[in-house]
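Read the numbers this way: they start at 1 and go in the same order the structure lists the ligands and their atoms.
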Amino acid sequence: MSTRAARWWWRVSEAPTLRVCALYPDLMNIYADRGNLIVLRRRCEWRGLGFRLRSAGLGEPLEPGTADLYYIGGGQDRDQALCARDLAERKRDVLRAEAARGAVVLAVCGGYQLLGHEYELGGETLPGVGLVDLRTVRAQGPRLIGNAAIEVELSPGQRRVLAGFENHGGRTHLGPDARPLGRVLSGHGNNGTDGQEGVRSGNVIGTYLHGPLLPKNAWFADWLIETALSLREPLAPLDDELEQAAHALARRAAGLP
Ligand code: GLN
């Protein structure tokens with residue numbers, strides 16, 4: 001990402017502020033997933049938008065109404081187990097209420113697995129937050145690893161590609177009330193068998209794509225900002241030459257033209 005002056009500003013008095021809450025940023029940060037937060041910050045600041053980041057770790061409650069976007073990254077099974085219990089005991093109700101009022105929830109890999117009903121893992125069942133109708137099971141087979149690309153349609157008629165990297169032992173199965181985030185173009189997706197990747201339910205999004213995700217898919221970062229702030233107009237474009245190159249590289253790594 002280059003440093004550059006924003007080409008476009010809000011009038012200071014009107015500039016909205018994106019308020020982000022990162023859940024367990026120290027424990028759930030595999031493959032530098034925290035980089036997604038840096039992208040959100042920069043893309044807000046380059047446009048003169050405010051950006052405020054708070055975090056909620058183990059033992060810390062969520063305060064209702066204090067964030068527009070909740071974020072959780074991926075993690076190893078051991079760290080995930082700690083977070084799963086804390087999430088279920090201390091944060092589940094507020095997170096569900098926040099999602100119900102339209103806050104964006106973005107969860108990557110290990111975080112994504114915790115959005116569902118449960119994660120079954122070697123005889124142990126980790127609780128999920130039940131935000132979406134899905135279950136994850138740690139299967140006997142090999143880990144699902146590699147570059148991946150999916151086709152998503154976040155706005156009707158607008159199909160776009162998200163490209164990234166996946167590495168998970170868990171297989172996620174969507175229930176009848178859940179819709180995938182996208183269709184697998186390349187890679188394994190939720191479970192390596194049904195061609196589905198991630199989940200989307202309104203503003204709640206889960207995906208297996210690391211990379212981190214947003215540096216490789218800057219357009220998606222903008223969609224998240226617009227959605228979290230309920231902007232009526234699309235954000236002004238930035239000089240995204242480097243971001244587009246990163247996206248093109250990630251697509252090619254996944255075998256797409
Ligand atoms: N521990 C989980 C799994 O292996 C998630 C891993 C990750 O976040 N990359 O399925």
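Put simply, the side chain of Asp77 reaches to within 4.5 Å of the side chain of Tyr119, judged on heavy atoms.
Applying the side-chain contact (heavy atoms from CB on, under 4.5 Å) test to Ala246 and every residue at least two apart in sequence or in another chain returns nothing.
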Could you walk me through whether Asp79 and Tyr24 satisfy the side-chain hydrogen bond (donor to acceptor under 3.5 Å, both in side chains) test, starting with their C-alpha distance in whole Å, then the side-chain angles of each, then the deciding distance to 0.1 Å, before giving a yes or no? CA-CA 10 Å; Asp79 295 330; Tyr24 316 106; over 6 Å; no
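In this structure, ligand 1 sits under 4.0 Å from heavy atoms belonging to Ile30, Gly74, Gly75, Gln76, Asp77, Gln80, Cys109, Gly110, Gln113, Tyr119, Arg143, Asn167, His168, Gly169, Gly170, His210.
Counting all heavy atoms, side chain and backbone alike, Ala250 lies closest to Lys216 at CB-CD, 3.7 Å.
The ring-ring contact (aromatic ring centres under 6.0 Å, His included) pairs that include a residue from residues 151-191 are Tyr31-Phe165, His168-Tyr208, where partners are two or more places apart or lie in different chains.
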Using distance only, find each side-chain donor-acceptor pair of residues 177-187 under 3.5 Å and give its atom names and separation, not counting sequence neighbours.
unit_1 : atom_1 : unit_2 : atom_2 : d
Arg183 : NE     : Glu151 : OE1    : 3.3
Arg183 : NH2    : Glu151 : OE1    : 3.3
Ser186 : OG     : Ala254 : O      : 2.4

